[in-house]
S.K.: 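Please read through the structure below; I'll follow up with questions.
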Amino acid sequence: MTTDVLELPTQRPRWRRWLVDSALARIVIFTALAMLIGFVCVVLFRDALGWLRMPSHSAPRLAADVLVRVAAAFGAYFFIVQVIEKRHAEELAWRKALPHTAAGVAAGVVLIGSVIGALWLGGAYVVTGTGSDVQWLRPLLVYGVGTAIIEEVIFRGVLFRLIDEAWGVWPALGISALFFGGVHIGNQNATLWTSFAIAVEAGVLLGVVYHVTRSLWACIGLHMVWNFLAGTVFGSPVSGMAPEASWLVAQFPGPVWLTGGAFGIEGSVLTVLLSLLLSGALLAAGAKYRLKGNTR
């Protein structure tokens with residue numbers, strides 16, 4: 001497995017190496033371009049086409065909500081990769097989309113299923129009924145696919161990858177995880193603990209997934225199914241936000257440190273511990289793979 005560190009031409013002018021080629025410059029360029037593309041898409045879908053003014057569950061509104069996220073993330077990312085770095089985005093290669101996303105989904109099912117299963121065995125997850133008015137498509141596409149794509153491109157494809165390139169994997173893992181936890185501090189029902197928990201369980205885990213696989217599709221698959229299963233299927237708040245409706249209507253009796261309370265299972269010590277175990281297993285598997293002399 002390669003480290004995927006980019007070597008930009010050293011003969012480029014000094015000003016370009018600092019203002020365009022450096023990791024910090026590419027992070028800034030990506031951020032500005034993603035904001036610009038997102039703004040243009042919002043104007044297009046809201047004012048020109050009117051899709052963003054339609055009811056939330058209508059097909060045009062659903063398409064617009066997803067396309068704004070995807071266009072901003074992919075548009076800005078492919079610009080810095082193809083125009084500045086002048087390479088193919090192997091981490092987003094289309095031939096990997098299905099198998100790697102499926103692998104990420106499988107890992108997410110095991111992780112969230114293990115958390116819910118353990119809470120159920122401990123009496124901290126009690127199903128009281130099933131929802132009859134669940135809207136499956138919107139949470140899957142908008143809060144699952146759309147959110148997973150934009151957050152994984154930003155935090156793993158840009159922040160983790162470029163810090164890894166500049167300073168190495170451990171600073172990249174720590175800094176990207178802290179940023180990921182930090183952006184959730186303003187969420188409803190968030191506390192310093194829940195932001196730390198997300199930094200560890202999701203920021204570290206997803207950073208490790210990218211480090212080991214060098215695939216954003218695997219990160220997207222895990223992130224997508226995490227949000228969808230926790231909220232729409234099992235009825236837990238996701239990052240502090242309660243689902244509009246869920247298939248299983250459940251209660252979470254028990255101490256907040258175990259259940260996560262109003263923030264959801266992402267605030268549970270159990271989720272943090274299981275995520276760390278999975279991160280460690282992935283790091284060990286990746287190290288064993290490299291020791292065998294395998295490359296990708």
Side-chain angles (χ1 to χ4, degrees), residues 6 8 15-16 18-94 96-97 101 135 137-163 165 176 179-180 182-188 202 206 210 215-217 219-221 223-224 227-228 238-239 241 244:
L6 179 66
L8 293 166
W15 67 266
R16 178 184 172 106
W18 279 100
L19 298 179
V20 178
D21 295 338
S22 69
L24 179 59
R26 279 176 280 157
I27 291 172
V28 172
I29 291 170
F30 169 85
T31 303
L33 190 54
M35 292 174 65
L36 176 61
I37 295 173
F39 174 76
V40 171
C41 288
V42 168
V43 171
L44 172 65
F45 290 121
R46 182 191 61 199
D47 299 332
L49 297 176
W51 291 4
L52 287 174
R53 300 183 187 277
M54 294 183 178
S56 61
H57 294 294
S58 66
R61 172 64 181 272
L62 181 61
D65 283 339
V66 175
L67 288 173
V68 168
R69 290 168 165 82
V70 173
F74 281 170
Y77 191 75
F78 281 112
F79 177 87
I80 65 168
V81 167
Q82 296 182 344
V83 176
I84 297 177
E85 299 174 2
K86 297 189 181 304
R87 66 179 181 88
H88 295 294
E90 186 65 20
E91 62 273 24
L92 278 174
W94 292 112
K96 298 179 180 179
T101 301
Q135 299 291 329
L137 196 58
R138 180 172 179 79
L140 175 61
L141 293 182
V142 177
Y143 307 119
V145 176
T147 297
I149 286 175
I150 196 166
E151 290 189 355
E152 291 314 306
V153 168
I154 291 172
F155 289 100
R156 261 56 69 176
V158 176
L159 197 60
F160 177 91
R161 181 176 66 85
L162 296 183
I163 295 175
E165 177 188 308
S176 64
F179 269 93
F180 192 69
V183 299
H184 291 83
I185 189 65
N187 285 20
Q188 187 176 0
L206 290 166
Y210 181 76
S215 169
L216 284 174
W217 293 118
C219 300
I220 289 167
H223 194 152
M224 171 186 68
N227 288 353
F228 183 72
V238 178
S239 301
M241 294 174 284
E244 296 177 4

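From a predicted model like this one, the values you see are computed outputs, not experimental measurements.
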S.K.: Could you check Leu52 against Val42 for side chain to side chain contact (heavy atoms under 4.5 Å, CB included), going step by step and ending with a plain yes or no?
M.R.: CA-CA 8 Å; Leu52 287 174; Val42 168; 4.2 Å; yes
S.K.: So, for Val68 and Cys41, which heavy atoms are closest and what is the spacing to 0.1 Å?
M.R.: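 In terms of heavy atoms, the two residues are closest at CG2-CB, 3.9 Å.
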S.K.: Is the shortest side-chain heavy-atom distance between His57 and Leu137 below 4.5 Å?
M.R.: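 No, side chains not in contact.
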S.K.: Which pairs pass ring-ring contact (aromatic ring centres under 6.0 Å, His included) with one or both residues in residues 24-47, sequence neighbours excluded?
M.R.: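 Listed once each, the pairs are Phe45-Trp51.
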S.K.: Could you check Phe228 against Val238 for side chain to side chain contact (heavy atoms under 4.5 Å, CB included), going step by step and ending with a plain yes or no?
M.R.: CA-CA 9 Å; Phe228 183 72; Val238 178; over 6 Å; no
S.K.: Of all heavy-atom pairs between Arg138 and Ser56, which one has the smallest distance, and what is that distance?
M.R.: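 Closest approach of Arg138 to Ser56: NH1-O, 2.8 Å.
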S.K.: Output yes when a side-chain donor or acceptor of Trp217 lies under 3.5 Å from a complementary backbone atom of Trp94, and no otherwise.
M.R.: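 It does not hold such a pair.
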S.K.: How far apart are the closest heavy atoms of Ile150 and Ala73, and which atoms are they?
M.R.: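 Heavy-atom minimum between the residues: CA-CB, 3.8 Å.
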S.K.: How many angstroms lie between atom CZ of Arg87 and atom CD of Glu85, to the nearest 0.5 angstrom?
M.R.: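 Output value for this atom pair is 4.5 Å.
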S.K.: Indicate the atoms forming the closest heavy-atom contact of Val81 with Arg161, along with that distance.
M.R.: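 Where Val81 meets Arg161 most closely, the heavy atoms are CG2-NH2, 4.1 Å.
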S.K.: Do Thr31 side-chain atoms and Ile27 backbone N/O form a donor-acceptor pair below 3.5 Å?
M.R.: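 Judged by distance alone, yes, a pair lies under 3.5 Å.
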S.K.: Atom NZ in Lys86, atom CD1 in Ile80: separation rounded to 0.5 Å?
M.R.: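 Reported to 0.5 Å precision, the distance equals 13.5 Å.
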S.K.: Got a salt bridge between Arg26 and Glu165, using NZ or NE/NH1/NH2 to carboxylate O under 4.0 Å?
M.R.: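 Counted as a salt bridge, because a side-chain N and a carboxylate O are separated by less than 4.0 Å.
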S.K.: Spell out, as yes or no, whether a donor-acceptor pair under 3.5 Å connects the side chain of Asp65 to the backbone of Val142.
M.R.: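 Judged by distance alone, no pair lies under 3.5 Å.
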S.K.: Could you tell me whether Glu91 and Lys96 make a salt bridge, using a distance below 4.0 angstrom between a side-chain N and a carboxylate O?
M.R.: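 Looking at Glu91 and Lys96, the cut-off is not met.
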S.K.: How many angstroms lie between atom CZ of Phe79 and atom CD1 of Ile37, to the nearest 0.5 angstrom?
M.R.: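 Rounded to the nearest 0.5 Å, the CZ-CD1 separation comes out at 9.0 Å.
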S.K.: Can you find a heavy atom in the side chain of Phe179 that is under 4.5 Å from one in the side chain of Phe160?
M.R.: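 Of all side-chain heavy-atom pairs linking Phe160 with Phe179, none is under 4.5 Å.
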S.K.: When rounded to the nearest 0.5 angstrom, what distance separates OG in Ser239 from CD in Gln188?
M.R.: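 Reported to 0.5 Å precision, the distance equals 11.5 Å.
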S.K.: Can you tell me how far apart CZ (Arg69) and CG (Leu141) are? Round to the nearest 0.5 Å.
M.R.: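 Spacing of CZ (Arg69) from CG (Leu141) equals 11.0 Å.
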S.K.: For Arg61 and Met54, indicate whether the former's side chain and the latter's backbone hold a donor-acceptor pair under 3.5 Å.
M.R.: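 Between the backbone of Met54 and the side chain of Arg61 there is a qualifying donor-acceptor contact (under 3.5 Å).
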S.K.: What's the shortest heavy-atom distance between Arg53 and Arg46, and which atoms?
M.R.: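 Nearest heavy atoms, Arg53 then Arg46: NE-O, 3.1 Å.
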S.K.: Give me the atom names and distance for the closest heavy-atom approach of Met224 to Val145.
M.R.: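 Heavy atoms only, the tightest pair is SD-CG2, 3.3 Å.
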S.K.: Is there side-chain contact between Leu92 and Phe74, with at least one heavy-atom pair below 4.5 Å?
M.R.: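 SC-SC contact between Leu92 and Phe74 confirmed.
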S.K.: Does the side chain of His223 come within less than 4.5 Å of Glu151's, by heavy atoms?
M.R.: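 Side chain of Glu151 against side chain of His223, heavy atoms only: contact under 4.5 Å found.
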S.K.: I would like to know whether Tyr77 and Ile154 meet side chain to side chain contact (heavy atoms under 4.5 Å, CB included); could you show each step before the answer?
M.R.: CA-CA 8 Å; Tyr77 191 75; Ile154 291 172; over 6 Å; no
S.K.: Between Thr147 (side chain) and Gly144 (backbone), is there a donor-acceptor pair under 3.5 Å?
M.R.: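 Not at all, since once roles are kept as given, no pair shorter than 3.5 Å links the two residues.
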S.K.: Answer yes or no: is there a side-chain heavy-atom contact under 4.5 Å between Val158 and Glu152?
M.R.: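 Side-chain contact under 4.5 Å: no.
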